[in-house]
Enquirer: 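The structure under discussion is supplied below as C-alpha cells; questions concerning it will follow.
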Amino acid sequence: MSKIDYSNVDFETLIIHAGQDHDPAYGALATPIYQTSTFCFDTVEEGAAKFAKQVPGYHPVYSRSGNPTTRAFELKCAAMEGGEDAVATASGMGAVGSTLLAFLQTGDHVIFDTSVYGGTDAVASTNLPALGIEVSRVDTADLEALKAAIKPNTKIIYFETPNNPMIKVTDVAAVKKVAGENIRVVVDATFAPPPVQHVLKLGADIVLHSITKYINGHGDALGGIVVGSAADMALVRGKCMTKINGCPPSPFNSYLVLRGMKTLALRMKQHCDNAMAIAKYLDANPYVKVVYYPGLESDPGHELACRQMENGMFGGMVSFELADDVKGMSSFEAGKKLLNNLKIPAIAVSLGDPDTLIEHPASMTHAGVSKEDRLAAGITDGLIRLSVGLESAKDLINDFEQAFAAI
Ligand SMILES: Cc1ncc(COP(=O)(O)O)c(C=O)c1O
C-alpha cells in the first residue's frame with residue numbers, strides 16, 4: 001500500500017506514483033511487465049475462490065479480464081481523473097465502443113456533438129443505428145438546442161472537449177445540468193488530458209481517452225481508458241471490454257503507458273506553451289484566415305476555456321484555415337503546398353506525440369464523414385490540424401516561415 005495521500009498532493013506527484021506500488025514479488029520500482037495470458041492456482045479450491053472474487057486483494061485469473069501491469073495503468077488513470085475506477089482498452093476506439101455498448105440498447109437514444117473524431121462519427125452514423133439505437137447530432141455548445149434534443153429515451157450525451165478537429169470547447173458543467181441525473185454525460189477528453197482539465201470534477205459521469213495520444217505520449221502504443229464510478233466501470237469491463245469487444249491492452253503496451261505517464265505533467269505544460277506560441281504566430285500571419293485555439297482571446301471558447309481548463313493551459317492542438325486566396329491559389333491548393341514544404345512537422349494523423357504532426361482532416365481523419373456533415377461542423381476543405389509537439393517553438397515558427405515563403 002502506498003504511504004502517499006493522493007488527495008493531498010499536487011498533480012506532478014500523483015502522476016508519478018499513483019497506481020504503482022512497489023511490486024509485491026521483489027519490490028521492483030518499475031512495474032514489471034506481466035506478459036502472461038493466464039494465472040495458475042495451487043488447487044481447484046483456490047481457483048474457484050479467485051474466480052468467485054472471494055479472496056481479498058487483487059487476484060487476476062486471465063489477462064483479458066485483469067492483468068497486474070494493466071491494473072497499475074488503470075489505477076493511475078483513475079487517480080489522474082479523480083474517478084473511482086478505470087477500464088483500459090487496446091485502443092481509443094475500444095474505449096469508445098465499450099462505453100457506448102455498456103449503456104445503450106435497442107430503442108435508446110443518444111446525442112452526439114456535431115463534430116467528433118471520424119471513427120466515433122462512423123459508430124454514431126452507422127453502427128449504432130444498425131443496432132436500433134436512435135442518434136441525434138447537436139452542437140453541444142448550444143445548450144438550448146441540446147435541451148430541445150433530449151427525449152424520454154435519451155441515455156447518453158457524448159462529446160469531445162476540445163473537439164476533433166475544430167478545437168471547440170463545450171461547457172461540461174452546463175451540459176450535465178441540462179442532462180440531469182438520468183442521462184450519462186460521456187466526455188472524450190483525448191485532446192486535453194489532465195492536468196489541463198479534469199472533466200469528472202466538472203460534472204461528467206464518464207471520461208474516456210485515446211491514450212494513444214498525450215497520455216502515452218510517445219507515439220509508440222495504441223490504447224484507451226474509460227474512467228468513472230465503480231458501478232459504471234464494472235459494467236464497461238464485465239459486459240463490454242472483456243466480452244462483446246474483448247479488447248484489453250497488451251501488458252507490454254500498459255507498461256509503455258505507465259512509463260509515458262511519469263512525464264505527463266511536464267509534457268502537457270510544454271505542449272501547451274508551444275501551441276500558444278504557434279497559435280499566436282498563425283493568428284498574425286496574413287495567409288491565415290482563422291485559427292482555432294481556445295487560448296487565443298479572439299477564440300469564441302476562450303472565456304469558457306479559462307474557467308474549465310486549468311493553470312492557463314489550453315492544450316496542444318491547433319487548427320487553422322488558410323486565406324481564400326494565397327498567392328493566387330485556393331486555400332486547399334496552398335494548404336497542400338504548405339504541408340509539403342514543412343520540414344519539422346510530419347504529415348500524419350494522430351496527435352499528442354513529442355513530434356509535431358500535421359494533417360488535412362477532409363482527406364484524412366474525417367474523410368469518412370459526409371461532406372454535408374463535415375461542412376455543417378465547420379470542417380472545410382481548407383482546414384489544417386496541427387498537433388504541436390515538444391520541439392523548440394522558435395524552430396517550429398521558423399519552419400512555418402520558410403514553408404509559407406516557398407508556397
Ligand atoms: C478524440 C479521439 N477519440 C478517439 C480516438 C480513437 O483513438 P485510437 O486511435 O486510439 O483508437 C481518436 C483518434 O484519433 C481521437 O482523436
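All residue numbers refer to positions in the sequence shown, counting from 1. Values below: every heavy atom of this structure, side chains too, minus hydrogens, waters and symmetry copies. Since this is a predicted model, take the numbers as computed values, not measurements. Counting starts at 1 for both ligands and their atoms, in listed order.
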Enquirer: Taking the side chain as C-beta and beyond, is there a heavy-atom pair between Leu386 and Glu359 under 4.5 Å?
Expert: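 When only atoms from C-beta onward are counted, Glu359 and Leu386 do not touch, as no gap falls below 4.5 Å.
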Enquirer: Any idea which protein heavy atom is nearest atom 10 (O) of ligand 1, and the distance to it?
Expert: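 Here the nearest protein heavy atom works out to Thr212 OG1, 2.6 Å.
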Enquirer: Is the closest N or O pair between Val96 and ligand 1 shorter than 3.5 Å?
Expert: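 Checking ligand 1 against Val96, no N or O pair falls under 3.5 Å apart.
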Enquirer: Pick, from Met93, Glu359, Lys213, Glu160, the option with the minimum heavy-atom distance to atom 14 (O) of ligand 1.
Expert: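 The residue whose heavy atom sits nearest atom 14 (O) of ligand 1 is Lys213.
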Enquirer: Show the atoms of ligand 1 that are less than 4.0 angstrom away from any heavy atom in Ser91.
Expert: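 Near Ser91, the atoms of ligand 1 are 10 (O), 11 (O).
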Enquirer: What protein heavy atom is closest to atom 16 (O) of ligand 1, reported as residue, atom name and distance in Å?
Expert: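 Heavy-atom neighbour on the protein nearest atom 16 (O) of ligand 1: Asn164 ND2, 3.0 Å.
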Enquirer: Only one of Pro24, Pro60, Pro251 clears side chain to side chain contact (heavy atoms under 4.5 Å, CB included) with Pro68; which?
Expert: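 When Pro24, Pro60, Pro251 are each tested with Pro68, the side chain to side chain contact (heavy atoms under 4.5 Å, CB included) holds only for Pro60.
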Enquirer: Could a heavy atom of His209 be found less than 4.0 Å from some atom of ligand 1?
Expert: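 No.
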Enquirer: I'd like to check Val96 versus Tyr117 (side-chain heavy atoms, cut-off strictly below 4.5 Å). Are they in contact?
Expert: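 In short, these two side chains do not touch, never coming nearer than 4.5 Å.
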Enquirer: Are the side chains of Val61 and Phe39 in touch, meaning some heavy atoms are under 4.5 Å apart?
Expert: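 No. Closest side-chain heavy atoms not under 4.5 Å.
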Enquirer: Please report which non-hydrogen protein atom sits nearest to atom 8 (P) of ligand 1, along with the residue it belongs to and the distance in Å to one decimal place.
Expert: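 The closest one turns out to be Gly92 N, 3.3 Å.
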Enquirer: Kindly indicate whether the side chain of Pro354, heavy atoms from C-beta on, has any atom under 4.5 Å from the side chain of Arg267.
Expert: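 Not touching, per the 4.5 Å side-chain cut-off.
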Enquirer: Could you tell me the residue and atom name of the protein heavy atom closest to atom 6 (C) of ligand 1, and the distance to it rounded to 0.1 Å?
Expert: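 The closest one turns out to be Tyr117 CE2, 3.6 Å.
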Enquirer: Answer yes or no: is there a side-chain heavy-atom contact under 4.5 Å between Pro345 and Leu357?
Expert: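 Of all side-chain heavy-atom pairs linking Leu357 with Pro345, none is under 4.5 Å.
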Enquirer: Could you tell me the residue and atom name of the protein heavy atom closest to atom 1 (C) of ligand 1, and the distance to it rounded to 0.1 Å?
Expert: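 Going by distance alone, atom 1 (C) of ligand 1 is nearest to Asp188 OD2, 3.4 Å.
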Enquirer: Parallel, tilted or perpendicular: which describes the rings of Phe400 and Tyr281, with under 30° parallel and over 60° perpendicular?
Expert: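 Because their plane-to-plane angle lies in the 30° to 60° range, the rings of Phe400 and Tyr281 count as tilted.
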